[in-house]
Amino acid sequence: SSPAVQGLRGNAGELSMMSRRSAWAIRWLCAGVVVLALTEAFQGGLSFLAPSLSTSSSSPTLAGHHYAPLRVQGSNARVPLKAEEAATESKEGKKIDFVLLAYFALWYLGNYYYNITNKRALTAAGGVHGFPMTIATLQLGVGCIWALLLWGYPDTRKLPELTASDYKKTLAVGATSAGAHAASVFALNAGAVSFGQIVKAAEPAFAALLGVMFYGQKVSLGKWLCLIPVIGGVVLASLGEMNFAWAALLTAAMANVFAAIKGNENKKLMQTEGLKDRMGGVGNQFAITMLNSFGFCLIIMLLTEGSRFGAFMKVASTTPAVVMNLVMSGLWFYAYNELATFTIKKTNAVTSSVANTAKRVIVIVGVAIVMHESLSPLKLAGCAIGIGGVFLYSVIDDILKKK
């Protein structure tokens, strides 16, 4: 063969080797997150710890001393214990929540692999000239099958006990969830995955604006100021994106709008008296949202790409990468979203903010390396500024309260 062909083969081999090394690097990075969490846990820094003693918060007495009530095992008597002694005893008796640590690691890995398999399915099906709405819909269909299996398998997950009125109230969350998912898939199909993720990191800006305009929410001045670096970071990343596409920017922004509305609608939904008990847990809540989202996406798919479904089936039957990555992306999507919900509910606000920030960095950088996407200095600077602004937005009110 000619030197040019040999050179191309050599470059392809190097790129393949880089992808494998990058994939292992991401796995080790997720493992490193768990190790760091364990280290912090032993130092008492994060909320991964659960005290093994049954104590309540200390309260001041008339003499001005702080005491923490301690229940003695095998007795109903309560012994006053000084707060300093209680803290020492509690710290010694703390145990590590390994389940929560596993949630974090799998959440990160799930999000990472979802983005990779999603992009590969879209690319294998034709890219921008392919079937993004069909793939988005079938991904949700895979998740629905998994949810139904969990309900159908004995003693795995209890069925929800919703009334007809309850179910009607879940439709708004399902519709906005469908819009957020479909728009995200379109954004990842139209441009680089890393760029789409950077734009999606600006969701707090959309949530703040829509919350104030339509849901009567109040946003502090500190939060408004934090939106400046968020929006500025997205602008810088857009300027630094070598394969910039307006379609990717606009559809990612649409995904943010739908996600912001979904968050507000979900908050309203869960304020319904007794609904949380009838729902039967976080897992059921997400499963119902998934089923509703699939229904809405199916309608849109039939209207937009229904006439081309035969062509999609032909591509899927002749290109194994389409089916394999579609199924895997659907499973990863369901798994990481449910794990994220469990994780956030088990941690405090600051820990959740740190976890979300770390997750975005891992996904953006890791996927960019594996998918051979551009990471220019300007794009990286925009990414760092934008994600830093998002993190600051999440914790600014708590910081200002302490001062």
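Index from 1, following the sequence.
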Rounded at 0.5 Å granularity, tell me how far [atom1] in [X] sits from [atom2] in [Y].
X      : Y      : atom1 : atom2 : answer
Ile364 : Glu373 : CD1   : CD    : 10.5 Å
Ile300 : Thr137 : CD1   : OG1   : 7.5 Å
Ile198 : Arg360 : CD1   : CZ    : 11.0 Å
Met133 : Asn189 : CE    : CG    : 12.0 Å
Ile362 : Asn111 : CD1   : CG    : 9.5 Å
Leu138 : Phe131 : CG    : CZ    : 11.5 Å

For [X] and [Y], does a side-chain donor sit closer than 3.5 Å to a side-chain acceptor?
X      : Y      : value
Thr134 : Glu305 : yes
Asn292 : Tyr167 : yes
Trp151 : Asn284 : yes
Ser177 : Ser293 : yes

(request) In sequence, state the C-alpha distance, the side-chain angles, and the governing distance for Ile116 and Met371, and then conclude on side chain to side chain contact (heavy atoms under 4.5 Å, CB included). (result) CA-CA 8 Å; Ile116 291 176; Met371 304 299 292; 4.2 Å; yes
(request) Go through the structure and list residues passing side chain to side chain contact (heavy atoms under 4.5 Å, CB included) with Leu236, not counting sequence neighbours. (result)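 Side chain to side chain contact (heavy atoms under 4.5 Å, CB included) check on Leu236 returns Leu378, Ile385.
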(message) With a 4.5 Å cut-off on side-chain heavy atoms, are Thr170 and Leu269 touching?
(response)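 Touching, per the 4.5 Å side-chain cut-off.
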(request) Indicate yes or no: at least one non-hydrogen side-chain atom of Ile228 is less than 4.5 angstrom from one of Leu225. (result)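 Ile228 vs Leu225: side chains touch.
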(request) Give every residue pair that meets the ring-ring contact (aromatic ring centres under 6.0 Å, His included) criterion with at least one member in residues 214-239, sequence neighbours excluded. (result)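 Matches after skipping sequence neighbours: none remain.
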(message) According to ring-ring contact (aromatic ring centres under 6.0 Å, His included), does anything in residues 186-208 pair up with another residue at least two apart or in another chain? List the pairs.
(response)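 Checked against ring-ring contact (aromatic ring centres under 6.0 Å, His included) - neighbours excluded - the pairs reaching residues 186-208 are Phe195-Phe244.
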(message) Taking the ring centre of each residue, are Trp332 and Tyr113 less than 6.0 Å apart?
(response)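 Centroid distance Trp332-Tyr113: below 6.0 Å, so yes.
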(message) For Gln285 and Met270: C-alpha separation, side-chain torsions, deciding distance, then whether side chain to side chain contact (heavy atoms under 4.5 Å, CB included) applies.
(response) CA-CA 10 Å; Gln285 180 184 348; Met270 298 315 293; 3.7 Å; yes
Whether the side chain of [X] engages the backbone of [Y] through a donor-acceptor N/O pair (distance < 3.5 Å, no angle test) should be reported.
X      : Y      : answer
Ser376 : Gly240 : yes
Asn256 : Val199 : yes
Thr319 : Ala316 : no
Asn266 : Lys262 : no
Thr156 : Gly152 : no
Gln197 : Val363 : no
Thr272 : Leu275 : no
His181 : Leu140 : no
Asn118 : Ser329 : no

Specify the closest pair of heavy atoms between [X] and [Y], including all atoms of both residues, with the distance to one decimal.
X      : Y      : answer
Val257 : Leu210 : O-CD1, 3.8 Å
Ser194 : Ser374 : OG-O, 4.4 Å
Ile135 : Ala125 : CD1-CB, 3.7 Å
Val230 : Gly386 : CG2-O, 3.9 Å
Leu400 : Gly222 : CD1-CA, 4.5 Å
Ala180 : Ala259 : CB-N, 3.9 Å

(message) Does Gln139 form a side chain to side chain contact (heavy atoms under 4.5 Å, CB included) with Val185? I'd like the steps, not just the answer.
(response) CA-CA 10 Å; Gln139 285 172 344; Val185 172; 3.8 Å; yes
(message) Quick check with a 6.0 Å cut-off and a 45 degree axis cone: is Lys223 positioned over the face of Tyr393's six-membered ring?
(response)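 Because its charged atom sits under 6.0 Å from the ring centre and within 45° of the axis, Lys223 does stack over Tyr393.
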(message) Within the supplied structure, the quantity of interest is the number of heavy atoms (other residues, nucleotides, ligands) at a distance under 6.0 Å from Met313 CE; does it exceed 12?
(response)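 At most 12 heavy atoms, drawn from other residues, nucleotides or ligands, come within 6.0 Å of this atom.
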(request) Specify whether Phe104 and Trp107 have parallel, tilted or perpendicular ring planes, treating 30° as the upper limit for parallel and 60° as the lower limit for perpendicular. (result)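 Ring orientation of Phe104 relative to Trp107: tilted.
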(message) Would you call the rings of Tyr114 and Phe333 parallel, tilted or perpendicular, taking 30° and 60° as the class edges?
(response)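 Correct class here is tilted.
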(request) Scan residues 320-338 for pairs that pass salt bridge (Lys or Arg N to Asp or Glu O under 4.0 Å), counting only residues two or more places apart or in two chains. (result)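 Sorted result for residues 320-338: Arg157-Glu338.
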(request) Report the C-alpha distance between Tyr334 and Phe286 in whole Å, list the side-chain angles of each, state the deciding distance to 0.1 Å, and finish with yes or no for ring-ring contact (aromatic ring centres under 6.0 Å, His included). (result) CA-CA 9 Å; Tyr334 187 95; Phe286 182 70; 5.1 Å; yes
(request) Apply the test side chain to side chain contact (heavy atoms under 4.5 Å, CB included) to residues Ile288 and Leu162: give CA-CA distance (whole Å), side-chain angles for both, the deciding distance (0.1 Å), then the verdict. (result) CA-CA 10 Å; Ile288 291 169; Leu162 299 181; 3.5 Å; yes
(request) Check ring-ring contact (aromatic ring centres under 6.0 Å, His included) between Phe258 and all other residues, then give those that pass, not counting sequence neighbours. (result)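 Counting only residues at least two positions away or on another chain, Phe258 forms no ring-ring contact (aromatic ring centres under 6.0 Å, His included).
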(request) Sequence neighbours left out, what passes ring-ring contact (aromatic ring centres under 6.0 Å, His included) with Phe296? Give chain and number order. (result)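 Phe296 satisfies ring-ring contact (aromatic ring centres under 6.0 Å, His included) with no residue once adjacent residues are dropped.
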(message) Under 4.0 Å between a side-chain nitrogen and a carboxylate oxygen: does that hold for Glu241 and Lys379?
(response)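 Salt bridge between Glu241 and Lys379, a charged N being under 4.0 Å from a carboxylate O: yes.
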